[in-house]
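What follows is one structure encoded as structure tokens, with my remarks underneath.
By convention in this document, chain letters (A, B, ...) are assigned in the order of the sequence lines, proteins followed by strands, and residues within each chain are numbered from 1.
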2 protein chains.
Amino acid sequence: MLDFAILGLLMERPRHGYELRRALAELGFWKVSFGSLYPAIRRLEKREAIEATKMSGRRKAYQVTEGGQEVFDLLLQSDPDANETDRAFQVRLAFLRHLPPDRRIQVMDRRRRGLSTQLKTAREILVAARSATKNKDRYRIALMEHAMHSTEADIAWLDGLVAAERGVASTV
Amino acid sequence: MLDFAILGLLMERPRHGYELRRALAELGFWKVSFGSLYPAIRRLEKREAIEATKMSGRRKAYQVTEGGQEVFDLLLQSDPDANETDRAFQVRLAFLRHLPPDRRIQVMDRRRRGLSTQLKTAREILVAARSATKNKDRYRIALMEHAMHSTEADIAWLDGLVAAERGVASTV
DNA sequence: GACTGCTATATCGATTCGATATAGTTGGAA
DNA sequence: TTCCAACTATATCGAATCGATATAGCAGTC
């Protein structure tokens with residue numbers, strides 16, 4: 001997924017490593033460590049998906065090669081697996097516009113199903129925790145409840161996104 | 001943090017590895033992989049913080065030693081660093097009851113400050129993204145907005161927890 | 001008694017993290 | 001002008017973590 005994110009960002013325009021890190025963080029992904037970033041860049045270079053151009057000083061700007069375009073498409077088209085990470089879904093969403101509308105809805109729908117399952121499990125656990133142990137820790141209950149509410153909010157948000165996508169599709 | 005979580009769970013009662021994994025997931029933490037769990041158990045055994053007792057079959061129940069209690073206290077008392085992970089904070093919260101009330105509020109307050117900073121940054125980036133590039137991708141904007149709202153919800157939730165803690169403190 | 005599925009422990013290679021090393025660049029005070 | 005402090009940027013290291021897989025015991029069932 002890191003490789004996918006890097007490729008996607010470089011497809012917009014060439015960037016150097018440090019800038020990639022900032023861009024990843026600004027998309028709300030996560031502050032990837034340099035110990036992940038540079039090995040990922042090396043991987044992509046080795047696959048000849050990206051190539052470096054020297055800039056002033058030590059800087060190197062990386063850009064996507066023709067082969068890299070194909071690698072990106074491959075990753076983009078790949079089926080999201082049922083229980084993929086929050087992070088993986090975020091990255092997928094950031095480049096979702098590259099997919100046709102019907103595929104977009106498919107991706108969001110699969111995510112929705114995953115979240116629903118999670119929610120159901122969480123609810124069962126919470127009920128069990130509340131009843132079984134009469135005096136289960138207040139902070140833990142709060143933790144579980146908050147996790148549940150967050151998941152509910154995520155689902156509602158997804159529904160909004162899907163509705164918007166359908167709305168655009170029907171008017172076009 | 002994994003070591004801390006394991007110790008905390010084992011302090012309640014002895015469990016075997018598989019059960020630890022389930023317990024971690026049920027607290028809403030995360031489904032730790034066995035490739036993390038068993039090395040963590042080995043680490044704790046080597047530090048003589050926990051010890052194994054054989055059960056039926058291959059099962060081994062782990063329990064906290066006297067030294068382990070001290071290790072747990074040490075981790076519990078350790079200052080949360082400014083930008084600790086969501087996960088790290090969750091674990092901390094799950095065992096927050098072991099701290100005196102004033103320390104609890106301190107921990108939550110630090111977390112709140114961290115989230116506020118995050119929120120401020122996120123807001124600036126969002127404003128920049130909205131104005132600068134007139135037609136920035138819809139999904140990315142949605143992604144950023146949702147991240148912002150989630151953080152806001154987290155802060156509100158934290159405030160509630162702190163208020164509850166103060167409420168209890170004042171009535172006692 | 002063989003088979004299927006579940007529980008449980010364990011390990012492997014690849015990836016990621018957090019910390020740190022190193023070097024270029026900028027700006028400001030002495 | 002020179003020095004130094006702060007920031008940008010690339011890179012690497014060891015430890016922790018992940019995801020996948022191997023293995024084995026145990027329960028039910030046909």
Min side-chain heavy-atom separation Q77(A)-L99(A) under 4.5 Å:
yes
Could you please name the option among dC18(D), dT7(C), dA11(D) that lies closest to any side-chain atom of Y62(A)?
dA11(D)
With sugar-phosphate meaning primed atoms plus P, OP1 and OP2, does G17(B) contact a base, only sugar-phosphate, or nothing at under 4.0 Å between heavy atoms?
sugar-phosphate
For L20(B) and dT9(C), what is the distance between atoms CG and C1' respectively, to the nearest whole Å?
13 Å
Taking CZ from R87(B) and P from dA16(D), how many angstroms apart are they, rounded to a whole number?
16 Å
Of the nucleotides dG18(C), dA9(D), dT7(C), which one has an atom closest to the side chain of Y18(A)?
dA9(D)
Can you check each nucleotide of nucleotides 21-26 of chain C against protein heavy atoms at under 4.0 Å and return B for base, S for sugar-phosphate only, - for none, in 5' to 3' order?
-BB---
For the side chain of H16(A), starting at C-beta, report the closest nucleotide among dA8(C), dT10(D), dT17(D).
dT10(D)
Specify the separation, in whole Å, of atom CE of M55(B) and atom P of dG25(D).
17 Å
Between R43(B) and F34(B), which has a closest nucleotide on DNA chain D that is more 5'?
R43(B)
Residue R42(A), side-chain atoms from C-beta onward, closest of dT16(C), dC18(D), dA11(D)
dA11(D)
Taking the six-membered ring for Trp and the single ring otherwise, decide whether the centroids of F95(A) and F4(A) are under 6.0 Å apart.
yes
Whole-Å distance between dT17(D) C1' and L2(A) CG?
15 Å
Go through dT7(C), dA10(C), dC17(C) for me and flag the one nearest to the Y38(B) side chain.
dA10(C)
In plain terms, say whether R97(B) and E12(B) are close enough for a salt bridge, that is, a side-chain N and a carboxylate O under 4.0 Å apart.
yes
Does dG18(C) have its OP1 or OP2 closer than 4.0 Å to a side-chain nitrogen or oxygen of K31(A)?
no
Could you tell me whether R59(B) and E19(B) make a salt bridge, using a distance below 4.0 angstrom between a side-chain N and a carboxylate O?
no
Which angle, to the nearest 10 degrees, lies between the helix axes at the two ends of the helix from dG1(C)-dC30(D) to dA30(C)-dT1(D), each defined by five pairs?
10°
Just the rounded figure in Å: distance from C1' of dT9(C) to CD1 of I6(B).
14 Å
Which of the following nucleotides, dT8(D), dG18(C), dC18(D), is nearest to the side chain of S36(B)?
dC18(D)
Taking everything shown except E66(B) itself, do over 12 heavy atoms lie less than 6.0 Å from its CD?
no
Rounded to the nearest Å, what distance is computed from the CG atom of residue D3(B) to the C1' atom of nucleotide dA16(D)?
10 Å
Within the supplied structure, the quantity of interest is the number of heavy atoms (other residues, nucleotides, ligands) at a distance under 6.0 Å from E48(B) CD; does it exceed 12?
no
Looking at D159(B) and R166(B), is any side-chain nitrogen of the basic one under 4.0 Å from a carboxylate oxygen of the acidic one?
no
Do R13(A) and Q63(A) meet the criterion of a side-chain donor-acceptor pair at a distance under 3.5 Å?
no
Over 60° means perpendicular and under 30° means parallel, so tell me whether H146(A) and W157(B) are parallel, tilted or perpendicular.
parallel
Using atom CG of L37(B) as one end and atom P of dT7(C) as the other, report the distance to the nearest whole Å.
16 Å
Report the distance from atom CZ of R21(A) to atom P of dC7(D), rounded to the nearest whole Å.
15 Å
How are the rings of H98(B) and F72(B) set to each other: parallel, tilted or perpendicular (split at 30° and 60°)?
perpendicular
It should be established whether W30(A) places a side-chain nitrogen or oxygen under 4.0 Å from OP1 or OP2 of nucleotide dC17(C).
yes
